[in-house]
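Within every chain, numbering begins at 1; the chains are lettered A, B, ... in the order of the sequence lines, protein sequences first and strands thereafter. Both backbone and side-chain heavy atoms feed into the values below; hydrogens, waters and symmetry mates do not.
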2 protein chains.
Amino acid sequence: MKNITLKELAKQLNLSVPTVSRALNDSYEISQETKDKVNALAQELNYRPNPFASSLRKNRSKTIALVIPEISSVFFSQITKGVEAVANNKGYHVIICCSDEKIDKETEIVQHLIDGRVDGILLSTSAETTDGKHLESFVERKIPVVLFDRTIENMPFSSVTSNDYESSYAATVHLIENNCNSIGFLKFGKNLQNIEKRLKGYQQALTDYNLKPNNNLILTLEQDADENIEKIKRFILNKKPDALFASVEHLAMATYDACKQIDLTIPNNLKLLAYSNLNIARHFSPPLTTIVQPAYEIGESSATLLLNLLKNKHLDEIEDLMIDSEISFRASTEN
Amino acid sequence: MKNITLKELAKQLNLSVPTVSRALNDSYEISQETKDKVNALAQELNYRPNPFASSLRKNRSKTIALVIPEISSVFFSQITKGVEAVANNKGYHVIICCSDEKIDKETEIVQHLIDGRVDGILLSTSAETTDGKHLESFVERKIPVVLFDRTIENMPFSSVTSNDYESSYAATVHLIENNCNSIGFLKFGKNLQNIEKRLKGYQQALTDYNLKPNNNLILTLEQDADENIEKIKRFILNKKPDALFASVEHLAMATYDACKQIDLTIPNNLKLLAYSNLNIARHFSPPLTTIVQPAYEIGESSATLLLNLLKNKHLDEIEDLMIDSEISFRASTEN
DNA sequence: TTGTAAGCGTTATCAT
DNA sequence: ATGATAACGCTTACAA
């Protein structure tokens with residue numbers, strides 16, 4: 001079966017190719033009669049425009065990329081749904097790319113995307129990303145970028161984040177009010193902007209409640225689960241914290257493992273809370289207190305910002321949106 | 001900054017456009033000297049081939065699509081990683097599309113993909129999918145398709161699945177040996193091939209152990225979590241099963257909720273197991289016995305099959321691979 | 001309202 | 001070993 005092209009339609013209808021093209025694009029300069037005829041035949045023959053030809057000619061692909069650091073996380077999958085809802089609604093395709101928390105993979109993806117000529121990019125940085133050098137080609141080529149959740153300082157891109165400082169502050173206060181006075185902070189990644197804000201919120205809460213922040217109570221961790229468990233065990237045994245604040249979900253999971261291995265019970269011996277969008281946190285043993293980020297909304301807003309940029313091309317008008325998280329209090333922080 | 005094209009390179013080098021093209025593609029008919037000059041300038045000017053032009057001309061995009069029913073599931077994200085590993089290694093891009101368990105969305109995606117001219121498709125059906133009518137265009141257009149995990153009968157596509165019948169049989173035997181004799185089966189979806197096999201394995205085990213299968217002990221559920229919880233509560237109260245076999249992960253989660261609400265303890269009052277790749281199942285209350293599918297390997301194998309088809313074009317040589325699952329025994333099925 | 005001509009950036013065919 | 005020419009399928013100026 002041959003592919004139906006405009007040429008084929010034109011031949012069968014005794015019209016020129018441009019006329020058929022314009023008819024299908026509902027141009028004002030084509031008579032209703034012709035439009036009807038063209039559409040009828042197109043439908044009958046199941047005509048499908050060739051997107052490569054169209055993109056080549058128009059120099060845009062109606063496709064945006066969503067670059068996320070981790071695919072098996074509820075947070076990012078909710079983001080994805082929010083993005084797709086908005087994008088599909090406006091006729092855009094979304095291609096999802098995962099950096100696996102690696103700066104090398106992120107850089108490679110970014111190169112591919114530039115080559116691939118997506119119209120715009122939504123990106124949340126990998127754990128290893130510390131600056132925006134690898135994104136400068138987007139600025140040069142005037143490809144709009146919106147950063148979300150994990151942003152980068154000093155880059156001319158709009159962003160959508162959640163109120164990390166405030167939610168972290170509130171969560172820390174919750175621990176303090178539940179009689180914790182030696183609260184450890186499990187930090188993730190090299191220099192992630194959102195984690196830094198969470199750290200600041202935690203430190204400020206300690207200060208405000210006369211528990212002075214202590215760098216010895218900050219433990220920096222990476223991706224490897226087994227390694228994290230070991231480090232957390234040693235940290236607990238050495239520093240004897242009465243609570244741990246996990247800055248990302250999987251560090252809480254590692255803490256559950258660590259506690260099991262050294263026979264500590266949560267929350268009796270150690271209280272625990274974490275940033276997490278896992279709705280099954282309520283079935284953990286014990287149920288985990290979580291700070292839940294507005295993931296779907298972050299996705300929606302990011303996509304909306306990006307699509308506006310695509311429409312207006314005012315790349316210099318930078319907007320920074322912030323949406324509130326919510327805390328679900330559960331047994332892991334109970335007295 | 002203008003985009004660098006072959007024309008630009010050709011002009012600067014006093015060569016023709018085709019020569020430059022051939023040099024960059026390392027054609028045997030170009031002298032090493034010319035190749036070196038061309039590559040040097042291309043590098044210097046950071047030349048990037050326009051993929052639309054190339055795809056238009058060559059009629060292939062070096063892109064495959066991965067269509068999955070659900071994105072926030074560990075199973076499918078592991079699949080994704082396996083697919084990407086293989087595909088990227090061979091220079092293919094992967095675009096991920098999520099049907100959200102809806103046949104309408106799946107059909108729409110499939111249309112888009114045909115329009116988008118991906119070179120091939122990897123697909124796992126939505127919960128609502130019952131046949132392969134919407135995939136027939138792929139057959140007509142000779143676009144290779146490989147189905148995985150959730151397949152479709154009577155379609156001329158290769159497939160990669162796990163040993164659903166056998167693993168389900170083994171899991172059921174495990175329950176029987178732990179003194180269950182009224183085992184309910186929580187079925188998911190309209191007519192999913194993998195679930196049907198799981199059901200058969202369960203029924204055969206009952207038969208072999210002289211517990212005759214009883215259709216009253218099969219409960220069919222859909223996507224909505226709250227609705228599922230209600231149905232499971234009523235099912236438990238009416239049928240008084242001593243164990244539940246959840247054919248997919250989220251039905252186990254709903255069962256945890258149901259039990260909590262009607263004050264039943266797992267495993268004392270009710271044993272529970274499920275197909276699930278959640279590694280945090282070990283931190284549930286109680287830890288959940290899971291049948292773990294070889295997700296990463298399924299992804300790898302599916303991609304490998306598809307890329308072979310793309311190379312050989314022997315679309316009529318259908319292969320059906322099967323990879324074994326493993327069972328992790330935990331407290332939810334203990335005596 | 002419609003048609004003609006040109007061009008997007010590649011690659012394939014044929015000639016030199 | 002290299003160049004001229006055409007073609008992939010579509011859209012946009014310009015002409016009629």
Find the distance [X]:[atom1] to [N]:[atom2] and express it as a whole number of Å.
{"X": "A:Lys7", "N": "D:dC8", "atom1": "NZ", "atom2": "C1'", "answer": "9 Å"}
{"X": "B:Asn50", "N": "D:dC10", "atom1": "CG", "atom2": "P", "answer": "17 Å"}
{"X": "B:Asn59", "N": "D:dG9", "atom1": "CG", "atom2": "P", "answer": "7 Å"}
{"X": "A:Ile4", "N": "D:dC10", "atom1": "CD1", "atom2": "P", "answer": "10 Å"}
{"X": "B:Leu13", "N": "D:dT2", "atom1": "CG", "atom2": "P", "answer": "12 Å"}
{"X": "A:Glu8", "N": "D:dC10", "atom1": "CD", "atom2": "C1'", "answer": "16 Å"}
{"X": "A:Arg60", "N": "D:dT11", "atom1": "CZ", "atom2": "P", "answer": "10 Å"}

Between [X] and [Y], is there a donor-acceptor pair closer than 3.5 Å when you use the side chain of the first and the backbone of the second?
{"X": "A:Thr80", "Y": "A:Phe76", "result": "yes"}
{"X": "B:Ser301", "Y": "B:Glu297", "result": "yes"}
{"X": "A:Thr129", "Y": "A:Ile103", "result": "no"}
{"X": "B:Asp131", "Y": "B:Lys133", "result": "yes"}
{"X": "B:Asp149", "Y": "B:Ser124", "result": "no"}

Does B:Glu29, at its CD atom, have more than 12 non-hydrogen atoms belonging to other residues, nucleotides or ligands within less than 6.0 Å?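 Check passes, neighbour count above 12.
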
Do the charged groups of B:Glu300 and B:Lys81 touch, with an N to O distance under 4.0 Å?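 No, B:Glu300 and B:Lys81 are not salt-bridged.
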
Between A:Tyr47 and D:dG9, is there a contact of a side-chain N or O with OP1 or OP2 at under 4.0 Å?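 So the side chain of A:Tyr47 is outside the cut-off, no N or O lying under 4.0 Å from OP1 or OP2 of D:dG9.
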
So if I apply the side-chain contact (heavy atoms from CB on, under 4.5 Å) rule between A:Leu135 and each of A:Ile114, A:Ile152, A:Ile143, which one comes out positive?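 For A:Leu135, the side-chain contact (heavy atoms from CB on, under 4.5 Å) check succeeds only for A:Ile152.
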
Does the side chain of A:Val94 reach to within under 4.5 Å of the side chain of A:Leu66, using non-hydrogen atoms?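 In contact.
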
Using a 4.0 Å cut-off on heavy atoms, which residues in residues 15-38 of chain A reach DNA chain D? List them by number, or say none.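 Only A:Val17, A:Pro18, A:Ser21, A:Arg22, A:Asn25 qualify.
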
DNA chain C: 5'-most and 3'-most nucleotides touching chain A, 4.0 angstrom heavy-atom criterion: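 Nucleotide range with atoms under 4.0 Å of chain A: C:dT1 to C:dG9.
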
